[in-house]
There are 2 protein chains.
Amino acid sequence: MSNVTIKDVALLAEVSVGTVSRYINGYQLKAGNRKKIEKAIEELDFKINPLARGLRSSKTFTIGVLIPRISDVFCTQVIEGIEEAMASLNYSILICSSNDSVQQQTDKMNGLMDKCVDGIIVMPVSSNEWSWRGSSDNRIPIVLIDRLVRECEWDAVVSDNVNGAYSAVEMLINHGHRKIGIIAGPQNISTAQERLTGYMRALNDYNIVVNDDYIVYAPYTKNGGIEAVNRLVGLTDPPTAIFSTNHPTTVNSLKVLMEKELVIGNQISLCGYDQTELFQMFTPPISVVVQPARDMGISAATTLMKRINGDYEGFPLIKRLKTQLIATSSVKKI
Amino acid sequence: MSNVTIKDVALLAEVSVGTVSRYINGYQLKAGNRKKIEKAIEELDFKINPLARGLRSSKTFTIGVLIPRISDVFCTQVIEGIEEAMASLNYSILICSSNDSVQQQTDKMNGLMDKCVDGIIVMPVSSNEWSWRGSSDNRIPIVLIDRLVRECEWDAVVSDNVNGAYSAVEMLINHGHRKIGIIAGPQNISTAQERLTGYMRALNDYNIVVNDDYIVYAPYTKNGGIEAVNRLVGLTDPPTAIFSTNHPTTVNSLKVLMEKELVIGNQISLCGYDQTELFQMFTPPISVVVQPARDMGISAATTLMKRINGDYEGFPLIKRLKTQLIATSSVKKI
DNA sequence: GTCCAAAATTGAAACGATTCAATAATGTTG
DNA sequence: CAACATTATTGAATCGTTTCAATTTTGGAC
């Protein structure tokens, strides 16, 4: 650390440390004093020590971001949004991964609290289990992203999963499909629930009888979906179209269908979830529901900052961002 | 913050604060005292305040990670490795992105220093320009990852780019290709230089005359490579194979070749760089040089920790990890 | 049981900011 | 210009640790 302190600045500027502190924190100053302090800071190359500052004021200008997996495409885009929004405000981001484990999530939440972050953005591992309880005396703001948690009253930024799924299934129906399989996610995750709801609602609205065999569940983790797709295509009366409800399961659906040498967009139709540019480079390109990941990150960051700055208007706020459907020839017209 | 301090612990355990501090920092203690302190800590739910600790000891148990782009596949895997290694040591990670800009890189480096991180892992934007100069009085360890910087003596963890590229080009040659184009990266980035070197060396070793028209340059950023591939395939005597030297240029090469309806592995052969599982799901799967991104992250983290702990053995250390070649039918045998 | 070196403990002084009550300077008004 | 309200400034106390010189305790050796 450069050893220049507020005291040195005060000495050189011929004012008291209190005044220098007031300058730093943007309070009103006599013009002459401001000038002198500015000059002294410049001359000494003074840098504020965030540890000393934080110790006294318990503000660290740092937030925590906790996600299930750093290498996940969707998570990455979210983080990019958060970083963009936070960097401009001179806030730093402490990042950690819960590795899809509730235990690790709890541990890392505690770790972030122990580090005295000013707020946390978290994508929960599960919407049912949320073992973590913040110590009651230290209530820093928390914003959920992507997934809600039952009985937890916190701000959240999610995407419109019901309608996202609805639009996908509707598209499948409009292409003439009646036998539509879904790789549904674990029902302890709110997004998975909502996407299944969207599926059901679309079938209902179009008077299509729900066939339970067409609903299979898969974990939302890296290897999820392999078994599920196998089950679907192995049915005696298999679906003509498959709707896969998150990124890893979509990747794995593709993998399985290809291994089975089923021609996508012909023998079997596929619609997935979450965009990666490579999906559009397949033959045929893959239909997907696209979530505004980056914007979700930005929105979560903005909301968190509002709370950090003490503005608790409308708490708890649930912001739902619209999804977009990319319809391609991976879905056959029948 | 929970308001329990070391003082409260000392009081309850009937020892001095100094002793409690010694306990926390793992010094030898009389067994009885250790017990009493442990009990008091447990009872009061004492958590150490990292700000106070950092203020006195100027250690924050936090490192900075600065990369060109958070959403880049390779970077993400690197970060995952770093997180894994650091989490187990109870270190936190402050993450930021330079967005491929030297200016931002400098700003964020300064930002990290100002935050008093204990060390920094950085993937530099350029190997030539490194405008940043750490203040001389605050020499915290820095580890470069993936890319070296000229005239900067720091530890580094990179992959064996020369041999990585060599193996790819050699494979192309062994498949009968003589007209091999390369999408070389910007020569101010060490990896790009080295990969071009590998290309040249392979051609040389196999007595193939280098055709300057076959060497085109593209930025290593998100949209890099589009123009370059167009140039190559537009030549009157175009190459039969293209070697693309990083992830984005590989993605874009794919994109352009597909748009031009050139059948990969038949009309044109392609070998790319950096793995993403989707590459292996194309028809044909795409040949790539795979870097051990995650291991590079782990290794960088380990090296940094060594330096943070004062072990400067072998400084500056340059660790080169081996790459792996995935050879597929995206390269035609001719 | 003495003596001495080694090990453990103590407690006050940092670390470098913010905060706040007391004080000083400035502005405003009749 | 006196009287008062307002605005700025001061500087000591504080935040919760670590550090270190001084002191006490411990455990062998004789």
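Every chain is numbered from 1 and lettered A, B, ... according to where its sequence line falls, protein lines coming before strand lines. As the structure is a computational prediction, the values presented were derived from the model and not from experiment.
- Between B:P316 and B:E153, the closest heavy-atom pair is CG-OE1, 3.8 Å.
- In this structure, A:S16 does not reach the D:dT9 phosphate: none of its side-chain N or O atoms is under 4.0 Å from OP1 or OP2.
- Looking at heavy atoms from C-beta onward, B:P292 lies out of side-chain contact with B:K322 at the 4.5 angstrom threshold.
- Residues from residues 22-35 of chain A placing a heavy atom under 4.0 Å of any atom in DNA chain C, listed by number, are A:N25, A:K30.
- Across the protein-nucleic acid pair, B:L11 atom CG and C:dG11 atom P stand 11 Å apart, rounded to whole Å.
- The CG atom of B:L51 sits 10 Å away from the P atom of D:dG16 (whole-angstrom rounding).
- Counting non-hydrogen atoms of other residues, nucleotides and ligands closer than 6.0 Å to CD of B:E129 gives a total of 12 or fewer.
- Here C:dG16 is the nucleotide among C:dT19, D:dT10, C:dG16 with the atom lying nearest to any side-chain atom of A:N3.
- At most 12 non-hydrogen atoms from other residues, nucleotides or ligands lie less than 6.0 angstrom from NZ of B:K319.
- Counting only heavy atoms from C-beta on, A:R56 has its side chain closest to D:dT14 among D:dT17, C:dT10, D:dT14.
- Side-chain contact between B:Q77 and B:M296: absent, with no pair of heavy atoms (C-beta onward) separated by less than 4.5 Å.
- Side-chain proximity of B:V15 to the nucleotides C:dT10, D:dG11, D:dT17 is greatest for C:dT10.
- Atom CZ in B:R53 sits about 22 Å away from atom P in C:dA14, given to the nearest Å.
- In this structure, A:K59 atom NZ and C:dA17 atom P are separated by 17 Å, rounded to whole Å.
- Counting all heavy atoms, side chain and backbone alike, B:S126 lies closest to B:V149 at O-CG2, 4.0 Å.
- Closest to the side chain of B:S21, out of D:dT18, D:dT10, C:dC15, is D:dT18.
- Taking side-chain N and O atoms only, A:T5 has no distance below 4.0 Å to OP1 or OP2 of C:dG16.
- Set against C:dT18, C:dG16, D:dT10, the side chain of A:A52 has C:dG16 as its closest nucleotide.
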